[in-house]
Enquirer: 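I'd like to ask you about the structure that follows.
These numbers come from the heavy atoms of this one structure, side chains and all, not from hydrogens, waters or symmetry mates.
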Amino acid sequence: ISKEEWMAWKQDRPTQEYLAYLHRRRESIKEEWAQRSFQAETDQETRMLSYGALGAVSLLEEMLTLEFEELAEALGYREER
């Protein structure tokens, strides 16, 4: 994949809709957390639910902000691609 292909993919309408969904999902989880939706019967269960929500938000944030250079480095792409 080239940087140009990456940029074209990012601008594609289905990609934009998918990224918008990821953004809405991230915000939804944050709102649920703020409304204390991740409360459970025990402190340990509550912590586990909160950690799960935090992990989901973190992953969604990483997916939403991923730059071509990060992907290229992670996949071992060379500059000439």
Side-chain angles (χ1 to χ4, degrees):
I1 184 171
S2 68
K3 187 167 187 170
E4 292 76 25
E5 290 170 322
W6 171 260
M7 297 302 291
W9 175 78
K10 291 275 286 197
Q11 297 303 316
D12 192 47
R13 190 173 66 85
T15 302
Q16 288 292 309
E17 290 178 13
Y18 178 67
L19 293 174
Y21 163 76
L22 294 180
H23 177 77
R24 287 191 308 272
R25 184 65 187 126
R26 181 191 65 190
E27 295 307 308
S28 173
I29 294 169
K30 288 166 48 176
E31 185 62 31
E32 288 177 52
W33 185 83
Q35 294 176 3
R36 304 177 69 85
S37 296
F38 299 107
Q39 296 291 311
E41 290 186 25
T42 68
D43 287 344
Q44 182 178 1
E45 289 173 322
T46 297
R47 279 193 302 276
M48 289 175 53
L49 291 172
S50 291
Y51 292 152
L54 179 60
V57 167
S58 295
L59 178 59
L60 289 166
E61 181 68 25
E62 186 172 332
M63 293 171 69
L64 287 164
T65 61
L66 181 65
E67 296 292 332
F68 173 77
E69 292 75 16
E70 295 173 272
L71 178 65
E73 183 178 327
L75 298 177
Y77 288 165
R78 294 196 183 345
E79 190 66 33
E80 66 268 9
R81 291 195 91 189

Enquirer: CD/E62 to CZ/R26 distance, rounded to the nearest 0.5 angstrom?
Expert: 12.5 Å

Enquirer: Closest approach of Q11 and Q16, non-hydrogen atoms and distance?
Expert: O-CG, 4.0 Å

Enquirer: Heavy-atom count around E17 CD within 6.0 Å, excluding the residue itself: above 12?
Expert: yes

Enquirer: If you link I, L, V, M, F, W and Y whenever their side-chain heavy atoms are under 4.5 Å apart, who else ends up in the same group as M48?
Expert: none

Enquirer: Once you round to the nearest 0.5 Å, how far does NE2 of H23 lie from OG of S28?
Expert: 11.0 Å

Enquirer: Just verifying a value: how many Å separate E45 CD and R47 CZ, rounded to the nearest 0.5 Å?
Expert: 10.5 Å

Enquirer: Look up atom OG1 in T46 and atom CD in Q39, then write down how far apart they are to the nearest 0.5 Å.
Expert: 4.5 Å

Enquirer: Any salt bridge between E27 and R24, counting N to O under 4.0 Å?
Expert: no

Enquirer: Kindly give the cluster partners of L49, where membership spreads through any ILVMFWY side chain lying under 4.5 Å from a current member.
Expert: Y18, L19, Y21, L22, I29, W33, F38, V57, L59, L60, M63, L64

Enquirer: What residues join Y51 in its hydrophobic cluster, counting side-chain heavy atom gaps under 4.5 Å, either direct or through other members?
Expert: none

Enquirer: Please name the pair of heavy atoms, one in I1 and one in E5, separated by the smallest distance, quoted to 0.1 Å.
Expert: CA-OE1, 3.0 Å

